[in-house]
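The chains referred to below are lettered A, B, ... by the order of the sequence lines, with proteins before strands, and numbering in each begins at 1.
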Amino acid sequence: MYQSHLPVTTLREEPADAEVPSHALMARAGFLQKLVSGVYVYGPMLWRVIRRIETIVREEHDRAGCVEMLMPALQPMELWVESGRWDRYVQDGILFHFRDRKGSEMCLGPTHEEVVTDYARRMIQSWRQLPVTVYQIQTKFRDEIRPRFGLMRGREFLMKDAYSFDADEEGMRESYSRMREVYKNVFHRCGLRFTIVHADSGSIGGSTSEEFMVDAVTGEDAIAVCEETGYSANVETARFRIPNPPPEVEERPMRREATPGAKSCEQLRELFPEVPLEQMVKTVLYHVTWPDREGLVAVLIRGDREVNEVKLANHLLALKVELADEDEIRRVTGAEPGFAGPIGLPEEVRVVADGSVQGVCGFLCGANVTDEHLLDVWFGRDLPEPEIADLGMVQEGDLTPDGKGVIRITRGIEVGHVFQLGTKYSDAMNAVYTSRNGHQRPLWMGCYGIGVSRIAAAAIEQNHDEHGMIWPLPIAPYAVHVVELKSGGKDPAEDLLASRIHDELEARGVDVLWDDRGNVSPGVKFKDADLIGIPLRIVVGRDAHEGKVEWSLRTDPRDKETIPWEEAVERAVAACREAGRLGAPRTPVPV
RNA sequence: CGGGGAGUACCUCAGUCUGGUAGAGGGGCGCCUUUGGGAGGCGCAGGUCGCAGGUUCGAAUCCUGUCUCCCCGACCA
């Protein structure tokens, strides 16, 4: 490939709206161009990266016996009503939907459980057809609340989604673990460092789910990990043990104290230095939306802990939980926000307690009166024992659920998510098969997603320096960058050698980008090469007349060797063979 | 949706407070010079100042409305 054929202008300055390295570098290098918020043009170089990723994804899925197909992005409302997800997706605003000319409601697919279940219920009739796993690589549409970080969270993005169908639960588990291995292979082959974590299954549904997180400080997700025990989970779902138990105290009668202006636990610590945070109980009021109604829920949690809203929503079987607004708080507590407590709340407010309050005795809490708190409050004496559930957010330093290790919080980019769906969709949409003994049985499903375009961004987040991107060889846009310093007829020896290397590499199945641009100074060529980050570099320069070139790796720019051009070609071929990206030999067509 | 900020050339931005000829740097084009780390000189092209109203002799600048984009929170591959 001749670099002079690329319609690309590189930028010296970062675009103003780029917040993370992957976005800034891709924009500067012309990989990417924003059309509107969360929607991007993929330039020629980025498209090559994506095709590399797709190739790896396809090879690994096909190897595991999955079958590729393609489903429509345009979908009818009826299927979504049938599965029961239309209202939730519309209410969350995540769905792009509209009416067609006949007035039928349609949407652009944010995911494909409905379509694939509809496909399966018609195609799969017999146990003899099971198990089967289908997949597709396709554009998805989600009207994200906040598109961000370039390719990391777009409103239109490329996703590989796969769906497994089994005769029973055990089969589903087997399919799931097979896909889990496929995912590990895919991400390893893409050259990514990642962590597999327990996850919440969210709006997709189902029981077990795990996420594949690329380790990166700019990741949007926080994850709880423990090196000693191997425990790892998204903080949304992480279970843990609290390391610091509440103090034991002797029983005293409940009393009421004036606490003017003290709305936070920190302020109360100053008023009552003898009461540690572990002996305070916070009452957090939530406005909860269920499928059929809305209401308020009070969550009791220890003073040093935070509520995990994902766990809360799951526990309450709610569509949505959000902090109650100030007027709601005043209405049910009769007090200003900051003084809510568990005693004396109206009947309509359901009270649930996080496990962290278990064993907390003689505690401090709000009095439901402005500027007053209660002290020496006992469960079972001053108020009923509450309904206990795991509603707490994990914190750095907590213990793993088995108590054997310490949890650390790190960050990751979610590039894959695997779910055991069970029969959620097959029940809702009546997708059944005839079993060996003639019964109608629901299909057991799993679903599996990979953010194909997001992988490209994640790879840069994980691999870049101050000069530019550093692509892992398996997914780099080109394997080799031939940087010719004086091109365009100014030095016939260089032109001849560079074109010879270019042709030879292509003939050997190595994809190569040749910087043949004339009238571009060497400094610019080096800067552009660093920015684009092609992993193997052959510089054709001052030693060209002796048939020698400079060989270097983008990962280690200082380590340069001057070697005969034939050896550089051999090294490139060997590296590509090892990385599994040797392609079909190409014979250049005269241009 | 709530809270904050910004829309001026392909990019990064000044100019807006205090109304009066549309600016810089980068990038692009031409010529000269230069050629192993974003070289230098001369010249050229490129803008309905987001959009619509209003105030005014006169609006990028003041007023009203509206759209878009970005950041902070709830979504997710």
Side-chain angles (χ1 to χ4, degrees), chain A residues 8-19 23 27-28 30 33-39 57 88-89 91-95 110-112 137-149 151-162 183 199-204 209 211-214 220-221 234 236 286-287 289 309-310 313 320-323 325 413-419 447-458 467-468 483-488 490-491 494 518-531 539-544 550 557 560 562:
Chain A
V8 166
T9 307
T10 57
L11 302 176
R12 200 181 292 217
E13 285 162 303
E14 293 189 357
D17 56 6
E19 283 282 308
H23 186 193
R28 279 187 55 207
Q33 205 176 73
K34 185 170 73 185
L35 193 58
V36 292
S37 176
V39 181
V57 166
R88 175 164 184 178
Y89 272 68
Q91 196 172 4
D92 287 351
I94 201 125
L95 200 64
T111 173
H112 277 70
I137 297 175
Q138 193 224 30
T139 302
K140 297 283 189 270
F141 299 87
R142 293 182 189 172
D143 197 357
E144 291 285 347
I145 298 157
R146 195 143 105 76
R148 226 186 329 197
F149 300 159
L151 282 195
M152 213 102 97
R153 178 175 299 281
R155 296 194 294 171
E156 173 178 329
F157 59 96
L158 269 178
M159 176 169 161
K160 187 285 314 180
D161 45 328
Y183 274 41
D200 177 62
S201 47
S203 57
I204 303 289
S209 96
E211 291 166 329
F212 290 73
M213 295 286 189
V214 168
E220 288 188 279
D221 287 278
N234 193 307
E236 290 175 350
Y286 278 93
H287 185 107
T289 308
E309 295 183 1
V310 172
K320 194 161 76 171
V321 301
E322 49 198 335
L323 285 172
D325 65 41
I413 302 165
E414 182 190 356
V415 291
H417 199 159
V418 293
F419 302 78
C447 77
Y448 317 91
I450 289 180
V452 173
S453 42
R454 187 182 275 181
I455 286 179
H467 302 295
V483 182
E484 186 194 349
L485 296 182
K486 268 183 269 187
S487 38
K490 289 185 287 287
D491 184 334
E494 278 195 20
N519 289 315
V520 173
S521 73
V524 171
K525 293 197 173 198
F526 281 120
K527 290 290 184 192
D528 279 347
D530 289 345
L531 180 62
V539 178
V540 179
R542 56 168 94 89
D543 300 316
E550 183 182 279
K560 303 171 185 166
T562 301

Touch class at under 4.0 angstrom, heavy-atom based, for [X] against every strand present:
X: A/V524; value: base
X: A/P15; value: sugar-phosphate
X: A/I145; value: base
X: A/E14; value: sugar-phosphate
X: A/D491; value: nothing
X: A/M152; value: base
X: A/G154; value: base
X: A/D221; value: base
X: A/E144; value: base
X: A/D92; value: nothing

Please give, in whole Å, the distance from [N] [atom2] to [X] [atom1]?
X: A/I455; N: B/A77; atom1: CD1; atom2: P; value: 14 Å
X: A/D325; N: B/C1; atom1: CG; atom2: C1'; value: 13 Å
X: A/D143; N: B/U68; atom1: CG; atom2: P; value: 11 Å
X: A/R454; N: B/C76; atom1: CZ; atom2: C1'; value: 6 Å
X: A/E236; N: B/A77; atom1: CD; atom2: P; value: 10 Å
X: A/I94; N: B/A74; atom1: CD1; atom2: P; value: 14 Å
X: A/Q91; N: B/C1; atom1: CD; atom2: C1'; value: 13 Å
X: A/R155; N: B/C69; atom1: CZ; atom2: P; value: 6 Å

Contacts of [X] that satisfy salt bridge (charged side-chain N to carboxylate O under 4.0 Å, His left out) - sequence neighbours left out:
X: A/D325; result: none
X: A/D92; result: A/R88
X: A/R155; result: A/D143
X: A/K527; result: none

Working to the nearest 0.5 angstrom, can you tell me the gap between A/E494 CD and A/L485 CG? 5.5 Å
Inter-residue atom distance A/Y448.OH - A/S209.OG, 0.5 Å rounding: 11.5 Å
Of A/P147 and A/H467, whose closest RNA chain B nucleotide lies nearer the 5' terminus? A/H467
Side chain of [X] only, please: which of [options] is the nearest?
X: A/R148; options: B/C70, B/C71, B/A77; answer: B/C71
X: A/E309; options: B/A74, B/C71, B/C76; answer: B/A74
X: A/K527; options: B/C76, B/C75, B/G38; answer: B/G38
X: A/R142; options: B/C71, B/C75, B/A77; answer: B/A77
X: A/K34; options: B/C13, B/A77, B/C69; answer: B/C69

Does any nucleotide pair with [N] by Watson-Crick or G-U wobble geometry, both distances under 3.5 Å, and what is it?
N: B/A59; result: none
N: B/G46; result: none
N: B/A24; result: B/U12
N: B/G73; result: B/C1
N: B/C17; result: none
N: B/G7; result: B/C67

Looking only at heavy atoms, what is the nearest atom pair of [X] and [Y], with distance?
X: A/A457; Y: A/M152; answer: CB-SD, 4.0 Å
X: A/P15; Y: A/R28; answer: CD-CG, 4.2 Å
X: A/E144; Y: A/P147; answer: O-CD, 3.7 Å

[atom1] atoms of [N] and [M], separation to the nearest Å:
N: B/G43; M: B/G25; atom1: P; answer: 12 Å
N: B/U68; M: B/A60; atom1: P; answer: 24 Å
N: B/U64; M: B/U21; atom1: P; answer: 25 Å
N: B/C31; M: B/G19; atom1: C1'; answer: 42 Å
N: B/G5; M: B/A9; atom1: C1'; answer: 23 Å
N: B/A39; M: B/G7; atom1: P; answer: 31 Å
N: B/C13; M: B/C70; atom1: P; answer: 14 Å
N: B/A45; M: B/G3; atom1: P; answer: 47 Å

Would you indicate, yes or no, if B/C70 has its OP1 or OP2 atom less than 4.0 angstrom from a side-chain nitrogen or oxygen of A/S37? yes
Just jot down the ring pair (Phe, Tyr, Trp, His ring centres under 6.0 Å) partners of A/F212, sequence neighbours excluded, or say none. A/Y183, A/F187
Per-nt protein contacts along nucleotides 24-36 of chain B (heavy atom under 4.0 Å; B base, S backbone sugar-phosphate only, - none) come out as -BSS-------BB
Can you confirm whether A/Q33 is buried at CD, in the sense that more than 12 heavy atoms of other residues, nucleotides or ligands lie under 6.0 Å from that atom? no
